[in-house]
Participant: 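Before we start, here is the structure in question, set down as structure tokens.
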Amino acid sequence: MITEKIDSEVLDVAGPNLKVVSTNSVGYDHVDLNELRKRKILFGYTPNVLTDATAELTALLVLAAARRMREGICAVENGEWKKWSPVWLLGTQLTNKTVGIVGLGRIGAATAHRLKPFLGANGKIIYTANSDKQAATELGATRVKFDMLIREADVICICCSLNNQTREMFDYDVFKVMKKNVILVNTARGPIIQQDDLIRALSEGLLGSVGLDVTTPEPLDPDHPLLKFSNVTVIPHLGSATLETRTTMGNLAVENVLAGVRGQPLPSPLEL
Ligand SMILES: O=CC(=O)O
């Protein structure tokens, strides 16, 4: 599971008979791949099967952030819903907006496909980082430099993996140049955002609305300062959490293990 760190200490304890490591996830930042490579241990993971569920949840967070869903729900629950008002809880809509996808891989592209119909004829999709060229063409998406994406996008979806290049890629300097009403959604990994900087940017009113499925740490303490901002929606790492997807992921993870111990090719390997 993503909650278990697989490092040399674990591998030493497992001993020389260990043939295969299988993670029930698409992300593998919790696994020391160099150690696996050195020890000739096979590695399986679960890409593709969770793309739809995660993209769906990313689109959900974008819409929830844009339409102030959390504030609306809280208002109803707290008895603040007195009467309909033309100027209460006004959000923004996606029509004509520019969506910036950071990491147009499997999940990034599937997210962009889901958001595209909301943008209308004058909306735009821009992207940066590891790109699926065919998906970009199908989407009519434009590749831009990261510096440009953060300045131009009305909606930013973080869909890249966590690695040395992306760790804390979103820091105060980045937040400072974003549009003031930007919608920022992260369904990838918490540490891609420098979270203390995010809190500073939010306290200074630099950001419009934020949706996070991932945080640092996980779980987030219920008293965490991030939860005090009414324009921040946090959900507990639910990207792939549908019954269909988790069933398929679990089966694939088990098939990777079984193939590994039987000395057969893994159905879903990561080549090390
Ligand atoms: O975060 C979940 C995953 O990597 O599958």
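Just so it is clear, the model here is predicted, and its values are computed rather than measured. These numbers come from the heavy atoms of this one structure, side chains and all, not from hydrogens, waters or symmetry mates. In listed order, ligands and their atoms are each counted from 1. The first residue in the sequence is number 1, and the count goes up from there.
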Participant: Do we see a donor-acceptor contact under 3.5 Å between the side chains of K38 and S8?
Facilitator: no
Participant: Taking only heavy atoms of S25 into account, list the atoms of ligand 1 that are under 4.0 Å away from them.
Facilitator: 3 (C), 4 (O), 5 (O)
Participant: Identify the protein heavy atom lying closest to atom 5 (O) of ligand 1, giving its residue, its atom name and the separation to 0.1 Å.
Facilitator: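 Going atom by atom, the protein heavy atom closest to atom 5 (O) of ligand 1 ends up being V26 N, 2.9 Å.
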Participant: Checking side-chain polar atoms at under 3.5 Å, does S209 have a donor or acceptor matched by the opposite partner on R68?
Facilitator: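 Looking only at side-chain atoms, R68 and S209 do not form any donor-acceptor pair under 3.5 Å.
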Participant: Measure from the side-chain N and O atoms of S203 to the backbone N and O of R200, and report whether any donor-acceptor pair falls under 3.5 Å.
Facilitator: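 Judged by distance alone, yes, a pair lies under 3.5 Å.
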Participant: Ignoring hydrogens and angles, state whether a donor on the side chain of T187 or T58 is under 3.5 Å from an acceptor on the partner side chain.
Facilitator: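 Indeed, the side chains of T187 and T58 share at least one donor-acceptor pair under 3.5 Å.
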Participant: Measure the distance from atom 2 (C) of ligand 1 to every protein heavy atom, then report the residue, atom name and distance (to 0.1 Å) of the closest one.
Facilitator: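 Ranking protein heavy atoms by distance from atom 2 (C) of ligand 1, first comes H237 NE2, 3.5 Å.
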Participant: Below 3.5 Å, N or O to N or O, backbone or side chain included: is there any such pair between L50 and ligand 1?
Facilitator: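 Among all N and O atoms of L50, none is under 3.5 Å from an N or O of ligand 1.
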Participant: If you measure every N/O of N24 against every N/O of ligand 1, is any gap under 3.5 Å?
Facilitator: no
Participant: T245 and T248: side-chain donor and acceptor closer than 3.5 Å?
Facilitator: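 Absent: no donor and acceptor within the cut-off.
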Participant: Does the separation of the ring centres of F146 and F170 fall below 6.0 angstrom?
Facilitator: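 Between F146 and F170, the centre distance is under 6.0 Å.
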Participant: Please check whether G27 reaches ligand 1 - meaning an N/O of the residue sits under 3.5 Å from an N/O of the ligand, judged on distance alone.
Facilitator: yes
Participant: What about R189: any of its N or O atoms under 3.5 Å from an N or O on ligand 1?
Facilitator: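 Right, the criterion is met.
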